[in-house]
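The model shown is predicted, which means the values in this text are computed figures rather than measured ones. Both counts, for ligands and for their atoms, begin at 1 and track the order of listing.
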Amino acid sequence: MGDLLKVAMPKGRIYKQAAKLLRSAGLPVPEEIDDSRKLIIPVPEMNMEFIMAKPVDVPTYVEYGVADIGIVGKDVLMEENRNVYELLDLGIARCRMSVIGLPDWRPALHPRVATKYPNVASQFFREKGQQVEVIKLNGSIELAPLIGLADRIVDMVETGQTLRENGLVEQEVLFEITSRLIANRVSYRMKNEPIQRLCDLLQDTVTQRA
Ligand code: PRP
């Protein structure tokens, strides 16, 4: 029996696609995880343990080594800037990070940008040489320009439905987002064989899907 692999899985919108990808790579992720509220799910036949984490916390668990590997969106990786290896682009949960505003937006004297991603937004505007006040929100970001908290937002766009339904428009794309496989730096050395095997399996599946 080799080393136990602890895998941090994102709960919520990425989970279904991540589980589907693992299953198509031949890993029998138990169906019971899909609707369970259990947070630690041992799968002895795979010599794995799934840790069900809030997506934004996945890089933290992996950096500290309480999970050996994890699945997480590029948006979270860019924002959290954790000391982890990014092993593979899984090509799932595809969306983009954009600057968004009302159609009649004009540069404001004291521009304010609301976002769930304050580091990403600050860096973006700093690199453009634009001074903006960044206001951190935790959800329903699109509200901010509608009710006058900020004149623009930096947020994820997937189908564009949220923008359409709220009369907002994309001004500029910051970067494209997909989910990534990440690894703890020490685990990657100490458990290289099972991690590399999983990585190769997933790489083949991702390539076949493309
Ligand atoms: C995300 C994001 C956008 C929306 C984009 O919010 O912040 O609001 O999804 O998706 P769309 O382009 O397909 O409409 P989420 O649903 O995660 O909820 P939140 O508002 O609580 O962040």
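- Of the listed residues (S140, G12, G160), the one carrying the non-hydrogen atom nearest atom 20 (O) of ligand 1 is S140.
- Taking every heavy atom of Q161 and a limit of under 4.0 angstrom, the matching atoms of ligand 1 come to 12 (O), 14 (O).
- For E86 and K74, the salt-bridge test passes: some basic side-chain N is under 4.0 Å from an acidic carboxylate O.
- In summary, of the residues considered (T115, V132, V134, I141), a side-chain contact (heavy atoms from CB on, under 4.5 Å) with V154 occurs for T115 alone.
- Ligand-side atoms of ligand 1 in range of T159: 11 (P), 12 (O), 13 (O), 14 (O), range being under 4.0 angstrom from any heavy atom.
- Distances between N or O atoms of T162 and those of ligand 1 include at least one value under 3.5 Å.
- Counting the atoms of ligand 1 from 1 in the order shown, those under 4.0 Å from a heavy atom of G139 are 19 (P), 20 (O), 21 (O), 22 (O).
- In this comparison of R164, E158, M97, R96, the heavy atom closest to atom 10 (O) of ligand 1 sits on E158.
- Ligand 1 places these atoms under 4.0 Å from at least one heavy atom of E142: 3 (C), 8 (O).
- Ligand-side atoms of ligand 1 in range of M156: 2 (C), 3 (C), 5 (C), range being under 4.0 angstrom from any heavy atom.
- With 3.5 Å as the limit, one finds no donor-acceptor pair spanning the side chains of D204 and Q208.
- Electrostatic pairing of D34 and R23 counts as a salt bridge here, judged by a charged N lying under 4.0 Å from a carboxylate O.
- The closest approach between a heavy atom of E165 and any atom of ligand 1 is not below 4.0 Å.
- Checked by atom type, the side-chain pair S98/E170 shows a donor-acceptor distance below 3.5 Å.
- The only member of V62, V58, T60, I69 that meets side-chain contact (heavy atoms from CB on, under 4.5 Å) when paired with V84 is V62.
- In this structure, R152 does not pair ionically with E172, as no charged nitrogen and carboxylate oxygen lie closer than 4.0 Å.
- Considering only non-hydrogen protein atoms, atom 22 (O) of ligand 1 sits nearest to K116 NZ, 2.6 Å.
- Less than 4.0 angstrom separates some heavy atom of V157 from each of these atoms of ligand 1: 12 (O).
- Comment: K191 does not engage D3 in a salt bridge, judged by the lack of any side-chain N to carboxylate O separation of less than 4.0 angstrom.
- Residue contacts with ligand 1: R13 is included, with a non-hydrogen atom under 4.0 Å away.
- Of all non-hydrogen atoms in V120 and L174, the two that sit nearest each other are CG1-CD2, 3.7 Å.
- Less than 4.0 angstrom separates atom 18 (O) of ligand 1 from none of the non-hydrogen atoms of the protein.
- Near D155, with a cut-off below 4.0 Å to any heavy atom, the atoms of ligand 1 are 2 (C), 3 (C), 7 (O), 8 (O).
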